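The next block holds one structure in the form of structure tokens; read it before the comments.
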Amino acid sequence: MSTPMQPALPRATALIAVTAFAASVLGSPFQAGPAYKPQLSLPRGRAPGYGPLRFRPDGTFHITIFEDLDFGENAWDAWGPQQDINSVRVIETVLDAEPHIDLVVLNGDLITGENTFLENSTHYVDQIVGPMLKRGLTWASTYGNHDNDFNISAAAILAREQLWPNARTTQMVPDPDAGVSNYYLPVFAADCRRPPGRPRGGCPPELLLWFFDSRGGFRFQQKDAATGQRVGQPNWVDARAVDWFRRTNAELVRAAGGRPIPSLAFVHIPTNASLALQEAGVDPHRQPGIDDDVPLAQQAQGWCADGRNDGSCAYGGQDGPFMQAVASTPGLVALFSGHDHGDTWCYKWDRLLPGMTVKGSGVNLCFGQHSGYGGYGSWIRGARQVVVSLEGLKDLKDLAVDTYIRLESGATVGAVTLNRTYGHDEYPATPNDKTSLPSDGS
Ligand SMILES: *[C@@H]1O[C@H](CO)[C@@H](O)[C@H](O)[C@H]1NC(C)=O
Ligand SMILES: *[C@@H]1O[C@H](CO)[C@@H](O)[C@H](O)[C@H]1NC(C)=O
Ligand SMILES: *[C@@H]1O[C@H](CO)[C@@H](O)[C@H](O)[C@H]1NC(C)=O
Ligand SMILES: *[C@@H]1O[C@H](CO)[C@@H](O)[C@H](O)[C@H]1NC(C)=O
């Protein structure tokens with residue numbers, strides 16, 4: 001943690017650097033490092049980063065969510081690189097335990113940016129995605145607060161990911177201040193013959209996956225001229241990304257004939273609604289999961305409503321527009337977040353909670369499981385699994401999606417169905433196990 005600080009760059013230089021990053025991500029391929037050579041080859045005949053996502057012929061679509069992998073801790077000692085070896089092992093164990101994965105989601109904090117070096121800070125991406133490349137799996141990321149720091153930026157991580165054909169992470173809101181990982185992925189039926197590129201002529205998506213950037217952390221290569229401190233970045237989904245979401249969803253629904261399209265959403269930092277639900281009480285049988293991060297940290301935490309983040313405010317409320325959009329999008333079944341490593345429950349947000357102005361309309365707010373050996377806490381590592389079936393999406397008034405957590409032990413916990421009665425149905429409580437650190441990487 002105690003690396004010497006670089007002298008602050010002149011502000012103009014830093015701005016040019018940031019703009020150049022954003023421009024290169026959107027335009028021509030970005031040169032992420034010196035003479036980069038992929039070390040892993042794709043399995044024969046399968047490059048799933050190309051072509052649309054599809055349900056399997058049996059009508060299911062399986063998503064595996066890794067979150068808070070926090071690669072790149074303490075590169076200068078033995079402990080840090082060992083955590084990365086352990087985290088790769090978690091990823092491999094989970095992928096091998098799940099026979100049919102259609103998409104891997106990396107839900108933020110891929111890398112612990114504050115400990116990385118400018119010249120190779122994004123190279124950890126290669127270690128993270130190695131297990132997916134070996135298995136011919138495709139992935140999509142959101143970025144978290146630790147993915148943004150003096151020596152690393154979400155834009156640079158995106159560029160590194162996009163060197164691999166299996167990456168689906170992209171940026172659909174071009175404004176550099178709106179964050180990077182704001183985009184959607186449509187999922188089509190197995191037999192859909194004319195999918196994307198011709199939304200009007202082809203079959204509409206059966207499912208939409210929305211990815212949001214909750215930003216946070218610190219601005220790339222910027223130091224405050226007066227204090228020499230890193231410059232904080234707002235830690236909520238930007239209103240421009242929310243506008244884009246509303247507009248784009250409305251267009252997709254119109255193109256699909258006006259029927260809402262069932263959807264799932266992913267964001268690294270949960271909203272204030274998750275905190276309000278936690279305060280209402282997490283029942284071990286109705287919202288099974290670990291509930292150790294109390295109170296949880298939410299978007300806009302540490303910011304004031306007037307935009308200051310000098311430590312004088314607990315919460316600024318800037319996640320309001322995003323919460324409103326999440327609560328008012330028909331067909332949105334669940335929003336998955338990470339960030340709070342000690343919380344792993346799903347909660348149906350179906351009412352007006354004390355102190356809140358936004359009323360939930362039934363969307364489920366879920367945490368996954370801390371997946372990495374980097375980052376705080378020793379809760380057993382794992383990854384939330386989400387199994388969507390066309391059968392469960394048939395009735396818009398009764399949408400149902402199955403989910404559970406696959407642990408690094410191989411066991412599964414917290415299996416629930418996110419359906420109309422979730423929150424009333426009783427399930428077994430989730431054990432709160434910790435992982436003791438192995439002394440070697442085996
Ligand atoms: C990045 O560079 C540092 C310092 O040379 C080194 O210790 C670390 O292993 C490198 N990380 C990667 C992912 O290459
Ligand atoms: C950033 O990277 C530079 C160059 O490798 C390194 O000297 C410095 O310690 C790193 N960390 C910070 C916080 O500047
Ligand atoms: C945020 O949640 C807290 C905890 O329930 C609540 O007291 C507060 O009023 C909420 N604020 C807003 C703006 O939603
Ligand atoms: C929701 O799923 C649970 C668990 O499978 C089930 O017991 C319950 O009946 C379901 N509710 C509805 C409305 O189908």
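In this text, all values refer to a predicted model and were calculated from it rather than measured experimentally. Every number for a ligand or one of its atoms is a count from 1 in the order of the listing.
- At a 4.0 Å heavy-atom cut-off, ligand 2 does not touch Glu114 at all.
- In summary, the atoms of ligand 1 found under 4.0 Å from a heavy atom of Tyr124, numbered by their order in the structure, are 11 (N), 13 (C).
- The line from NE2 of His341 to CD1 of Ile290 is 12.5 Å long, rounded to the nearest 0.5 Å.
- Contacts of Asn151 with ligand 2, taken as heavy-atom pairs under 4.0 Å, involve the side chain alone.
- Counting atoms of ligand 2 from 1 in the listed order, those under 4.0 Å from a heavy atom of Phe150 are 14 (O).
- Judged by the 6.0 Å and 45° rule, Arg381 forms a cation-pi pair with Tyr373.
- Remark: Arg351 engages no residue in a salt bridge (Lys or Arg N to Asp or Glu O under 4.0 Å) (not counting sequence neighbours).
- Using a non-hydrogen distance threshold of 4.0 Å, Asn115 does not register as a contact of ligand 2.
- Every residue meeting the ring pair (Phe, Tyr, Trp, His ring centres under 6.0 Å) condition with Phe336, not counting sequence neighbours, appears here in chain and number order: Phe266.
- Using the six-membered ring where Trp is involved, Tyr183 and Phe211 have ring planes that are parallel, under 30° apart on the 30 and 60° scheme.
- For ligand 1, the atoms sitting less than 4.0 Å from at least one non-hydrogen atom of Ala75 are 7 (O), 8 (C), numbered in the order shown with element in parentheses.
- When only modelled atom types and interatomic distance are considered, His339 and Asn145 share a side-chain donor-acceptor pair under 3.5 Å.
- Among the atoms of Asn120, some N or O lies under 3.5 angstrom from an N or O of ligand 1.
- Pocket lining of ligand 4, defined as residues with a non-hydrogen atom under 4.0 Å away: Thr417, Asn419, Arg420, Thr421, Asp425, Tyr427.
- Short contacts between ligand 2 and Thr116, defined as distances under 4.0 Å to a heavy atom of the residue, involve ligand atoms 1 (C), 10 (C), 11 (N).
- No donor-acceptor pair under 3.5 Å is formed between the side chain of Asp147 and the backbone N or O of Ile157.
- Under a cutoff of 6.0 Å and an axis angle of 45°, Arg168 and Trp139 do not form a cation-pi pair.
- Phe367 is linked by a ring pair (Phe, Tyr, Trp, His ring centres under 6.0 Å) to Trp345, counting only residues two or more places apart in sequence or in another chain.
- Atoms of ligand 2 found under 4.0 Å from any heavy atom of Glu119 (numbered from 1 in listed order, with element): 4 (C), 5 (O).
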